[in-house]
Structure formats: structure tokens, C-alpha cells
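All values below come from the heavy atoms of this structure, side chains included, with hydrogens, waters and symmetry mates left out. As the structure is a prediction and not an experimental result, all values here were calculated from the model.
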Amino acid sequence: MLKTEGLTLHYGGSQILHGIDLEAAAGEVTCVMGTNGVGKTSLLKAISGTHPRSGGSIELDGEKIGRMPSHLLARKGVGYVPQGRMIFPLLTVKENLETAYACLPKAEHGIPDEIFELFPILKEFMSRRGGDLSGGQQQQLAIARAMLTKPKLLLLDEPTEGIQPNIIQQIGRVIEYLRDRGDMAIVLVEQYFEFAYGVADRFVVLKRGEISMKGSKSELAKEDLKGAVSV
């Protein structure tokens with residue numbers, strides 16, 4: 001579903017990513033791990049178009065993707081839940097969800113029951129402002145909003161950060177449900193090792209903007225992986 005080759009990214013004069021070759025298949029969770037500052041968030045920004053890549057290529061569902069802005073990539077099937085969630089605090093839950101309609105034809109404007117089955121609290125809070133939700137509720141809203149765009153590729157940046165344990169478990173179940181549907185590739189950036197190890201099928205470890213280790217869960221020993229992402 002996703003393939004990057006030689007992906008590079010700069011912030012000003014500083015090179016952050018150095019030739020990233022990555023593949024993420026539909027029906028799998030690919031987890032990108034590493035210590036702080038190694039380029040994990042930058043990688044998701046490059047794939048989602050929120051920060052233009054400097055070089056390399058991205059292929060989505062067999063199609064080469066040029067240097068497109070994020071809203072055009074969203075229409076092509078890239079769903080992105082950024083670190084910090086980025087919901088609209090003054091809009092209601094319903095209005096936040098409806099912002100996803102910009103990626104869909106008018107005939108598909110609507111919130112499917114699946115969203116409320118996965119995130120029942122959102123149905124209860126439809127008229128509540130996004131800024132009045134807890135961190136965990138905002139994270140659920142952000143994931144639900146991305147799901148409404150019907151992505152082929154879902155990018156999740158630190159979905160457990162600052163979230164209470166019961167909602168972390170719920171988010172894990174949602175990720176597993178979306179993976180098991182088989183129609184979506186999921187790329188997860190995650191620092192919480194046990195959560196990541198529990199939901200991921202494949203791992204990519206970054207170090208100083210380069211891949212230092214990658215492979216499937218069956219190919220990588222848990223302790224080796226844990227050592228590679230520890231400070």
C-alpha cells in the first residue's frame with residue numbers, strides 16, 4: 001500500500017531524514033520507533049505532505065505520488081492523526097467530524113454507525129466543543145475524523161501520549177480492528193513500547209534520521225528491539 005524509496009527531508013539547512021526505504025502493507029500495522037529527535041514525526045509529515053520532502057519517492061497503492069500538499073494527499077487516501085491531535089477546539093464534536101467531508105464526494109457525507117460503535121463517547125458528546133473534551137476523548141475524535149476520510153493509509157503519531165490507560169486499551173482495540181479489516185495500511189509512531197509491541201506486525205527503528213533496524217515481529221527478538229529504542 002505504501003512504499004518510500006530514498007526519502008529525505010530538511011528543515012532549513014538541517015537534514016532530518018537520510019534515504020528512508022519503507023514499506024507498509026494493507027492489513028498490517030508498521031510501527032516506527034526510536035528515541036526522541038530521530039525523525040519519526042518528520043517521517044509522517046513527509047508522507048502526509050504536511051512538510052515537503054526534499055527527495056526520494058512515495059508510492060501509494062501502486063501510484064507514484066509527487067510533492068502534493070496534504071489536502072490533496074488526503075483525497076488520495078492518506079489519513080493523518082498528528083501528535084497533539086489538532087482538533088478544532090471551538091467546533092463541536094459533530095463539526096470536527098464534518099471537516100472530513102472536504103475529502104469526500106457529497107454523496108458520502110455522513111457519519112457511519114461504525115464510528116459510534118468504536119467510539120461511543122463521541123455520540124454522547126456530539127454537541128460538546130472539542131476543546132472541552134479530555135485528552136483521551138480528543139484522541140478518539142482525531143482518529144474518528146481520519147477514519148471518515150476512508151483512508152487507504154492511516155498515519156498515527158503517538159496516539160497514546162498523555163492518555164489514560166483505559167482509553168489506551170480502547171485505541172489499541174480500534175487499531176487492531178482497522179488492521180483486521182484488511183483494506184488499510186497503518187503506520188504507527190509510538191514511544192510506549194509494550195503498546196507498540198502488542199499491536200504491531202512490523203517494526204522500523206530510526207536512529208539519527210536513518211533506519212537502523214527493521215523487520216517483522218517474528219524476525220526481531222523483543223529484547224533486541226527494546227534495546228534499540230531505549231535511551
Side-chain angles (χ1 to χ4, degrees), residues 1-4 22-33 40-41 43-44 47-50 58-62 70 73-87 93 96-101 103-104 108 110-123 135-161 163-204 216-217:
M1 189 62 77
L2 170 72
K3 184 178 182 180
T4 75
L22 170 72
E23 292 189 23
E28 287 188 354
V29 176
T30 301
C31 185
V32 179
M33 305 182 79
K40 303 184 301 295
T41 291
L43 177 59
L44 294 197
I47 295 169
S48 67
T50 53
I58 296 177
E59 194 174 291
L60 180 66
D61 200 15
S70 56
L73 283 171
R75 288 179 181 170
K76 282 194 169 288
V78 179
Y80 180 38
V81 181
Q83 192 174 24
R85 301 175 279 276
M86 300 300 179
I87 56 106
V93 167
N96 266 279
L97 292 171
E98 288 172 345
T99 62
Y101 293 171
C103 299
L104 300 170
E108 295 180 23
I111 303 171
D113 291 340
E114 177 186 50
I115 294 293
F116 299 127
E117 290 165 5
L118 293 172
F119 304 108
I121 197 69
L122 298 184
K123 188 169 189 177
Q137 291 160 355
Q138 289 183 4
Q139 187 67 65
Q140 292 175 78
L141 174 57
I143 295 172
R145 180 177 60 186
M147 285 176 57
L148 277 177
T149 68
K150 301 182 178 178
K152 300 173 184 176
L153 169 67
L154 180 62
L155 308 172
L156 299 171
D157 194 356
E158 301 276 12
T160 69
E161 186 178 41
I163 305 300
Q164 54 268 48
N166 63 316
I167 296 187
I168 289 175
Q169 291 173 2
Q170 184 189 14
I171 289 171
R173 289 192 295 270
V174 169
I175 291 171
E176 289 167 350
Y177 166 80
L178 294 175
R179 174 194 64 200
D180 293 346
R181 268 192 354 197
D183 59 355
M184 180 190 302
I186 300 172
V187 176
L188 168 70
V189 164
E190 184 54 63
Q191 294 271 47
Y192 178 12
F193 183 84
E194 292 300 331
F195 176 85
Y197 195 80
V199 300
D201 301 288
R202 305 190 69 80
F203 298 93
V204 174
S216 68
K217 186 182 286 188

Tell me, do [X] and [Y] make a side-chain contact under 4.5 Å, heavy atoms counted?
X: I168; Y: P159; result: no
X: Q83; Y: E161; result: yes
X: Y80; Y: I47; result: no
X: L43; Y: V187; result: no
X: V81; Y: Q139; result: yes
X: I111; Y: Y101; result: yes
X: M184; Y: K152; result: no
X: Y177; Y: R181; result: yes

statement: Heavy atoms of A185 and A24 approach each other most closely as CB-O, 3.8 Å

- request: Heavy atoms only: give me the nearest M147-L178 pair and the separation to one decimal.
  value: CE-CD2, 3.8 Å

Just by modelled atom types, is the [Y] backbone N or O under 3.5 Å from a matching donor or acceptor in the [X] side chain?
X: T149; Y: A100; result: no
X: R179; Y: V199; result: yes
X: Q140; Y: I171; result: no

message: Are there over 12 heavy-atom neighbours, none belonging to K76, within less than 6.0 Å of that residue's NZ?
response: no

query: Do other residues, nucleotides or ligands put more than 12 heavy atoms under 6.0 Å from D113 CG?
result: no

message: Please report the interatomic distance CG(L188) to CE(M33), rounded to the nearest 0.5 Å.
response: 8.5 Å

- prompt: Going from CD on E114 to CG on L148, what distance comes out if it is rounded to the nearest 0.5 angstrom?
  reply: 9.5 Å

statement: A74 meets the side chain to side chain contact (heavy atoms under 4.5 Å, CB included) criterion, sequence neighbours left out, with C103

- request: Using the side chain to side chain contact (heavy atoms under 4.5 Å, CB included) rule, take R202 and K217 through it: C-alpha gap first, then chi angles, then the decisive distance, then the call.
  value: CA-CA 6 Å; R202 305 190 69 80; K217 186 182 286 188; over 6 Å; no

- request: Give the intermediate values and the outcome of side chain to side chain contact (heavy atoms under 4.5 Å, CB included) for residues V93 and F119.
  value: CA-CA 12 Å; V93 167; F119 304 108; over 6 Å; no

